Amino acid sequence: MKQILVTGGTGYIGSHTAVELQNAGFEVIIVDNLSNSSIEVLDGIEEISGIRPVFEQFDLIDKEKVDAFFGKYPNIEAIIHFAAFKAVGESVALPLKYYRNNLVSLVNILDAMDQFNVPGIVFSSSCTVYGQPESLPVTENAPILKANSPYGNSKQISEEIIQDTLVACPKLNAIALRYFNPVGAHPTAIIGELPLGVPQNLVPFITQTAAGLRNQLSIFGSDYDTPDGTAIRDYIHVVDLAKAHVVAVKRLVESKNKKPFEVFNLGTGNGLSVLEVVDAFERVSGQKLNYKIVDRRPGDVEKVYADTTFANEELGWKAESTLDDILASAWKWEKKIRGIE
Ligand code: NAD
Ligand code: WQD
């Protein structure tokens, strides 16, 4: 069985990916320092897939620990590197916390890949690298615009660090996956997203409002140049996203990649407005949502959604879930963790 290291594997996207990797016959080794996830997630992964992944708890910014880890597990064939901090607002207040965590851990991993002969890495990137694209849907060839947060910049710099490393180490290969807006939970509601504190993202804020944890959803802006005036995004089910990682890992371990560094957009290709998401949630959940329109949120782009042609054709992968599937899974998860019948 092929061994895959999943960094950040007890986190939101990592845990769903660990399940899909195990379902596909890979042996998963998770490294996480539990800075934004909890150890119980391992029980959930085991309950769904029947297999408990190997787990090592340490901080990837500690180079000695990273090297000791690769010494202990000499048969790892590829890495999926999810571990990072991801709160855009916090990154503006604490840029060095973000640069240190997101960049130093990547550097340590790339160093170890060279030293311990691990040839492939899948990197979690983001559509944030495109900013507000000039034309939509956005393809992988769209220009990278100046990032509007240290978090976004850490993703841009990470992609550059990977590319520079591949030039210097031709035996290494990488796939950067640029996620659009990952949402939803596993359909079993055994694992899902666990935001700390007040959620910054739309779907967790909606489900927490419906569950009574928040009084009201604020919709940030209704004066955008969109059909209903609210901003447009490409919401992708986290399980569809997880499955794309399995395809990407297979591509690397089977040496089917066509270039040392490949980039794929992971989205659905459908742009949805905030109000469309709210309406769909009310329909799917049967809950009336208390919301009000407020000013735009600084730094938000007006509309962004993916051109998925390259990912669909080259990876043979396509997002399958509908918006209703996504919202039903998010609501089922919220009800489960809040003990709502
Ligand atoms: P998450 O916070 O749920 O998971 C990240 C995990 O990494 C957490 O379990 C955390 O404890 C761990 N971690 C962080 N720093 C670490 C370190 N130094 N050493 C060891 N473990 C560490 O986040 P997520 O939503 O699952 O995101 C996963 C990746 O996808 C991140 O790189 C994120 O930037 C990227 N991404 C996320 C989104 C999104 O909307 N969720 C969108 C685009 C890209
Ligand atoms: C979606 C839409 C908001 C909350 C962020 C990061 C991005 C990526 C994904 C990691 C926007 C609106 C939201 C609320 C609202 N993460 N909204 N009320 O901003 O597209 O992307 O997560 O890489 O880097 O920036 O996602 O879910 O925050 O917002 O009206 O309470 O919902 O204005 O139009 P976003 P989001």
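Read the numbers this way: they start at 1 and go in the same order the structure lists the ligands and their atoms. Every value quoted in this text rests on a predicted model; they were computed, and no experiment measured them.
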Return the residue, atom name and 0.1 Å-rounded distance of the protein heavy atom closest to [atom].
{"atom": "atom 34 (O) of ligand 2", "value": "A231 CB, 3.2 Å"}
{"atom": "atom 20 (O) of ligand 2", "value": "R233 NE, 2.5 Å"}
{"atom": "atom 31 (C) of ligand 1", "value": "F82 O, 3.0 Å"}
{"atom": "atom 25 (O) of ligand 2", "value": "V88 CG2, 3.4 Å"}
{"atom": "atom 33 (O) of ligand 2", "value": "D300 OD2, 2.5 Å"}
{"atom": "atom 8 (C) of ligand 2", "value": "S126 OG, 4.0 Å"}
{"atom": "atom 5 (C) of ligand 2", "value": "N201 ND2, 3.7 Å"}
{"atom": "atom 21 (O) of ligand 2", "value": "N181 ND2, 3.8 Å"}
{"atom": "atom 28 (O) of ligand 2", "value": "R297 NH2, 2.8 Å"}

Looking at [X], which atoms of ligand 1 are within less than 4.0 Å of one of its heavy atoms?
{"X": "S37", "value": "8 (C), 9 (O), 11 (O)"}
{"X": "S126", "value": "43 (C), 44 (C)"}
{"X": "Y151", "value": "33 (C), 34 (O), 35 (C), 36 (N), 44 (C)"}
{"X": "D59", "value": "17 (C), 18 (N), 19 (N)"}
{"X": "G11", "value": "3 (O), 4 (O), 9 (O)"}
{"X": "S124", "value": "29 (C), 30 (O), 32 (O), 35 (C)"}

Do [X] and [Y] have a side chain donor and acceptor closer than 3.5 Å?
{"X": "N153", "Y": "Y99", "result": "yes"}
{"X": "Y151", "Y": "E90", "result": "no"}
{"X": "N102", "Y": "S154", "result": "yes"}
{"X": "N23", "Y": "S49", "result": "no"}
{"X": "Y179", "Y": "S125", "result": "no"}
{"X": "D234", "Y": "T268", "result": "yes"}
{"X": "D324", "Y": "T322", "result": "no"}

Quiz prompt | Side-chain ion pair, R283 and D279, N-O less than 4.0 Å | solution =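 Salt bridge between R283 and D279, a charged N being under 4.0 Å from a carboxylate O: no.
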Taking the side chain as everything from C-beta on, heavy atoms only, tell me whether [X] gets closer than 4.5 Å to [Y].
{"X": "V183", "Y": "I236", "result": "no"}
{"X": "N265", "Y": "F310", "result": "no"}
{"X": "E262", "Y": "R251", "result": "yes"}
{"X": "L252", "Y": "P119", "result": "no"}

Practice problem: Could you tell me if any non-hydrogen atom of G9 lies under 4.0 Å from any atom of ligand 1? | Solution: no
Practice problem: Please verify whether a non-hydrogen atom of R178 lies at under 4.0 Å from ligand 1. | Solution: no
Hey, looking at [atom], which of [options] has the closest heavy atom?
{"atom": "atom 39 (C) of ligand 1", "options": "P182, S38, S15", "answer": "P182"}
{"atom": "atom 22 (C) of ligand 1", "options": "N101, N33, V88", "answer": "N33"}
{"atom": "atom 12 (C) of ligand 2", "options": "V277, D234, V274", "answer": "V274"}
{"atom": "atom 10 (C) of ligand 1", "options": "N181, T128, D32", "answer": "D32"}
{"atom": "atom 44 (C) of ligand 1", "options": "Y12, Y179, F123, F58", "answer": "Y179"}

More than 12 heavy atoms of other residues, nucleotides or ligands under 6.0 Å from [atom1] of [X]: is that the case?
{"X": "R338", "atom1": "CZ", "result": "yes"}
{"X": "D223", "atom1": "CG", "result": "yes"}
{"X": "K336", "atom1": "NZ", "result": "yes"}

Ligand 2 contacted by [X] (non-hydrogen, < 4.0 Å):
{"X": "Y235", "result": "yes"}
{"X": "G152", "result": "no"}
{"X": "Y151", "result": "yes"}

Are any of the N/O atoms on [X], whether in the backbone or the side chain, positioned under 3.5 angstrom from an N/O atom of ligand 2?
{"X": "F220", "answer": "yes"}
{"X": "K86", "answer": "no"}
{"X": "L202", "answer": "yes"}

Quiz item: Can you check whether F82 and H16 have ring centres sitting under 6.0 Å from each other?
Solution: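 F82 vs H16: aromatic centres not under 6.0 Å.
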Quiz item: Strictly under 6.0 Å, is that where the ring centroids of F180 and Y235 end up?
Solution: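 For F180 and Y235, the ring centres are not under 6.0 Å apart.
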Practice problem: Specify side chain, backbone, both or neither for H81, according to which of its non-hydrogen atoms lie closer than 4.0 Å to ligand 1. | Solution: neither
Exercise. Would you check, one step at a time, whether the test side-chain contact (heavy atoms from CB on, under 4.5 Å) holds for L60 with K65?
Key: CA-CA 7 Å; L60 290 157; K65 290 196 176 142; over 6 Å; no
Check ligand 2 against [X] and write out every atom of the ligand that is under 4.0 Å from a heavy-atom position of the residue.
{"X": "T128", "result": "24 (O)"}
{"X": "S218", "result": "14 (C), 15 (C), 18 (N), 30 (O), 31 (O)"}
{"X": "I219", "result": "30 (O)"}

Quiz item: For D225, does its backbone N or O pair with a side-chain atom of K303 as donor and acceptor, under 3.5 Å?
Solution: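 Side chain of K303 to backbone of D225, a donor-acceptor pair under 3.5 Å: yes, one is there.
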Exercise. Please step through salt bridge (charged side-chain N to carboxylate O under 4.0 Å, His left out) for the pair D240 and K318, ending with a clear verdict.
Key: CA-CA 8 Å; D240 281 329; K318 199 172 186 336; over 6 Å; no
Quiz item: Out of L272, I232, V138, N181, which residue meets the side-chain contact (heavy atoms from CB on, under 4.5 Å) rule with Y305?
Solution: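 The side-chain contact (heavy atoms from CB on, under 4.5 Å) with Y305 is passed solely by I232 among L272, I232, V138, N181.
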Under-4.0 Å heavy-atom contact with ligand 2, by part of [X] that carries it:
{"X": "Q200", "result": "backbone"}
{"X": "P182", "result": "neither"}
{"X": "V301", "result": "neither"}

For ligand 1, find out whether one of its N or O atoms is nearer than 3.5 Å to an N or O atom of [X].
{"X": "S125", "value": "no"}
{"X": "F180", "value": "no"}
{"X": "S105", "value": "no"}
{"X": "I61", "value": "no"}

Quiz item: Measuring from T10:OG1 to I191:CD1, what's the distance to the nearest 0.5 Å?
Solution: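 Between T10 OG1 and I191 CD1, I get 11.0 Å after rounding to 0.5 Å.
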